Chemist: 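First, the structure itself, so that you have it in front of you.
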Amino acid sequence: MIKSLLYRFFAFPLRSQFYETLKLTIIYILIYMAFNKRVKIKALLEKDYTDQDATIMGWVRTKRSNKNVSFIAINDGSSIKNFQVVADPNLINEEILKKATTGACLKVSGKIVTSQGAGQQNELNASKIEILGEADPEKYPLQPKKHSLEFLREIAHLRVRTNTFGAVFRVRHALAFAVHKYFNDKGFFYIHTPIITASDAEGAGETFKVTTFDLKNPPLTADGKIDYKADFFERETNLTVSGQLEGELAAMGLADIYTFGPTFRAENSNTTRHLAEFWMIEPEMAFYDAEDNQDLAEDFLKYIISYALENCKDDIEFLDKRAQEEESTKKANQRSEMGLLERLQFVVENEFQRLTYTEAIDVLKNSNYNKKKKFQYLIEDWGVDLQSEHERYLVEKHFKKPVILTDYPKEIKAFYMRQNDDGKTVAAMDILFPGIGEIVGGSQREERLDLLTKRMEEMNIPTEEMWWYLDTRRFGSTPHAGFGLGFERLVLFVTGMGNIRDVIAFPRTPGHAEF
RNA sequence: UCCUCCUUAGCUCAGUUGGUUAGAGCACAUGACUGUUAAUCAUGGGGUCCUAGGUUCAAGCCCUAGAGGGGGAGCCA
């Protein structure tokens, strides 16, 4: 229909002078639009545009000039790779070239030609350069050189313009997308659990309070306490520390669900693997037992890592090289045995090591580290919580691969975990990864109302406030399981970065909420 | 929160047992160069040595306190 209209419009000369003029104008506009249509650099690198006109827009990374020619490396974020613009000072105004400094944003139109230089296949011969936004080179803090991650953290609003952070955030996106794809393909439903909750009984640490009160002058009850009944929600509320409990409710009807949302912990943790605001993925599955849960977690991790390896090849190769350079500055005994790419490949191709807490204690007890007292905390008795030095020994020294630890003593785990028949342990699982420690924590849930209620009472969890949670055990209860995966820890592992603050665009940690 | 290390030019870092005018590379400016690859070469500008106090004839360097940052521990994802 449209095709035939266009055909008639352009193919048959019309008598009217007006239509002739209109036709020419439209043809001109179409050519202009085609010529000016922005092409992403990723597309220029993937398809053959040789001898075609193109327009690119992006930020200047470096400019190299001599009397006869300027080379401008442009990056538009679509790829880690820059595209080289060649500017002839006879064609491009000197003032424009002068303003095309590192950090400036440019629109460049011209012809894509085969490069005469060695560093790239094609380049753009500029016929027109437009400065979209200048960047005063005296003040612009990013230079075409290596900056420290600590310095870049202070300019988090600009660091997305660097190779490293561009790569990190493209990989982060791929991983996030893969999470949804994996669960969707498996028939899971994405549930949005609340960010504001009234329950602080989830047993996951300090919370951020949510209130509309004037903090200097909150309404008080007769006995002088803060009167939360007068607050917006008519009760004490805080930011969520986990979507798990609500996730369980949803799984008791939709069977297989997952959550992927922001999570908050107000703990004063100053480490390379904790954030006050982070993103957590929490699948919850009805009819799954502990082993089904482990199988799913392992398969899921392998899938999303493979997805990133396949879809972010350039970025991960860059990060691999970066990590190698970083490693070479470390002392020999602190270097990891595998490079980033190798490590990712290894995780995808090998089975995770599964063992119980009890077996792990045996391994640690008999280890040379324990005998030679190399551990700061020596392993003596069954029942102690494992320190991170022990976890690291198991993963990095003993098994040298991801480890799934199961069946922990009930005393050191949460109230909702299913009690094993031995009366001592619960059906918990932690997945430990080299370098980052615990990446997944999960369990089969206690589905038996009597046992759950008893355990809650033992651990001083208010059963009355949690009536809605216990209702799932009262009505149509069934074995079910789930786990939580810290998204940033995963990104940390896949990108090979060392600090969790460098894998989220605008990190929130104690004392830091800028940007 | 605890332990530990660090803070010198816009950035990355030297700076000797305390000694007189604090250096380098990159960045920036100017110039040179017929195609560069974080281009190269030459010249130049650029400093509250984190802050406050103290010791000393003399402090970037030593002492005390504070601030900021890194790493480790705990908590955990």
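From a predicted model like this one, the values you see are computed outputs, not experimental measurements. Just so it is clear: chains get the letters A, B, ... in the order the sequence lines come, proteins before strands, and each one is counted from 1.
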Chemist: State which of B:G70, B:U34, B:G35 makes the closest approach to the side chain of A:S115.
Modeler: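 Taking heavy atoms from C-beta onward, the closest nucleotide is B:G35.
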Chemist: To the nearest angstrom, how far is A:I80 atom CD1 from B:A38 atom P?
Modeler: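 My rounded result for the distance is 14 Å.
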Chemist: Determine whether the side chains of A:Y416 and A:Q244 contain a donor N or O and an acceptor N or O closer than 3.5 Å.
Modeler: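 A donor-acceptor contact under 3.5 Å links the two side chains.
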Chemist: Under 4.0 Å between any heavy atoms, over every strand shown, what does A:Q84 touch: base, sugar-phosphate, or nothing? Just pick one.
Modeler: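 Base contact.
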Chemist: Table please: side-chain donor-acceptor pairs of residues 160-170 of chain A below 3.5 Å, with sequence neighbours left out.
Modeler:
| residue | atom | partner | partner atom | Å |
| --- | --- | --- | --- | --- |
| A:T162 | OG1 | A:R159 | O | 2.7 |
| A:T162 | OG1 | A:F165 | N | 3.3 |
| A:N163 | OD1 | A:R61 | NH1 | 2.7 |
| A:R170 | NE | A:D315 | OD1 | 3.2 |
| A:R170 | NE | A:D315 | OD2 | 3.0 |
| A:R170 | NH1 | A:G77 | O | 2.8 |
| A:R170 | NH2 | A:D315 | OD1 | 3.0 |

Chemist: How is the base pairing of RNA chain B summarised as a dot-bracket string, given the Watson-Crick and G-U wobble criteria with both distances under 3.5 Å, [ ] for crossing and | for another strand?
Modeler: (((((((..((((.....[...)))).(((((.......))))).....(((((..]....))))))))))))....
Chemist: B:G71, B:G35, B:A77: which one has an atom nearest the side-chain heavy atoms of A:T272?
Modeler: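 Comparing B:G71, B:G35, B:A77 against the side chain of A:T272, the answer is B:G71.
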Chemist: Tell me whether the guanidinium CZ or amine NZ of A:K400 lies under 6.0 angstrom from the six-membered ring centre of A:F346 and within 45° of its axis.
Modeler: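 Negative - A:K400 is either too far from the ring of A:F346 or too far off its axis.
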Chemist: Are A:H180 and A:Y258 an aromatic pair by the rule of ring centers under 6.0 Å?
Modeler: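 Yes - the distance between ring centres of A:H180 and A:Y258 falls below the 6.0 Å cut-off.
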Chemist: Describe, in one word, how the ring planes of A:F264 and A:F208 are oriented to each other, choosing from parallel (under 30°), tilted (30 to 60°) and perpendicular (over 60°).
Modeler: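 Perpendicular, since the angle between the ring planes exceeds 60°.
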Chemist: Heavy atoms from C-beta onward define the side chain here; which of B:A77, B:U34, B:C28 lies closest to that of A:H274?
Modeler: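 Among B:A77, B:U34, B:C28, the one nearest the side chain of A:H274 is B:A77.
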Chemist: Please state how far atom CH2 in A:W279 lies from atom P in B:C76, giving the value in whole angstrom units.
Modeler: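 From A:W279 CH2 to B:C76 P: 24 Å.
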Chemist: Under 4.0 Å, heavy atoms only, any strand: does A:A118 hit a base, just the sugar-phosphate, or nothing?
Modeler: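 Base contact - A:A118 has a heavy atom under 4.0 Å of at least one base atom.
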Chemist: Who passes side-chain contact (heavy atoms from CB on, under 4.5 Å) against A:D256, sequence neighbours left out?
Modeler: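 Partners of A:D256 by the side-chain contact (heavy atoms from CB on, under 4.5 Å) criterion, ordered by chain and then number, come out as A:F188, A:M285, A:Y288.
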Chemist: Would A:F71 pass as stacked on B:A39, i.e. its ring centre under 5.5 Å from the base's six-membered ring centre and planes under 30° apart?
Modeler: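 Stack criterion not met.
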Chemist: Can you measure from NZ (A:K99) to CG (A:D136) and round to the nearest 0.5 angstrom?
Modeler: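 Separation between the atoms: 11.5 Å.
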Chemist: Tell whether A:S269 reaches the base of B:C75 with its side chain through a donor-acceptor pair below 3.5 angstrom.
Modeler: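 Indeed there is one.
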Chemist: Between the side-chain atoms of A:Q143 and the base atoms of B:G10, is any donor-acceptor pair under 3.5 Å?
Modeler: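 When only heavy-atom distances are counted, A:Q143 does reach the base of B:G10 through a donor-acceptor pair under 3.5 Å.
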Chemist: The side chain of A:I500 lies closest to which of these nucleotides: B:C33, B:A77, B:U37?
Modeler: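 Of all the options, the side chain of A:I500 is nearest to B:A77.
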Chemist: What nucleotide among B:G70, B:A77, B:C75 has an atom nearest to a side-chain atom of A:R273?
Modeler: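 For the A:R273 side chain, the nearest candidate turns out to be B:C75.
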Chemist: Within this structure, what is the NZ-to-P distance between A:K145 and B:A9, rounded to whole angstrom?
Modeler: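 Going from NZ in A:K145 over to P in B:A9 covers 12 Å.
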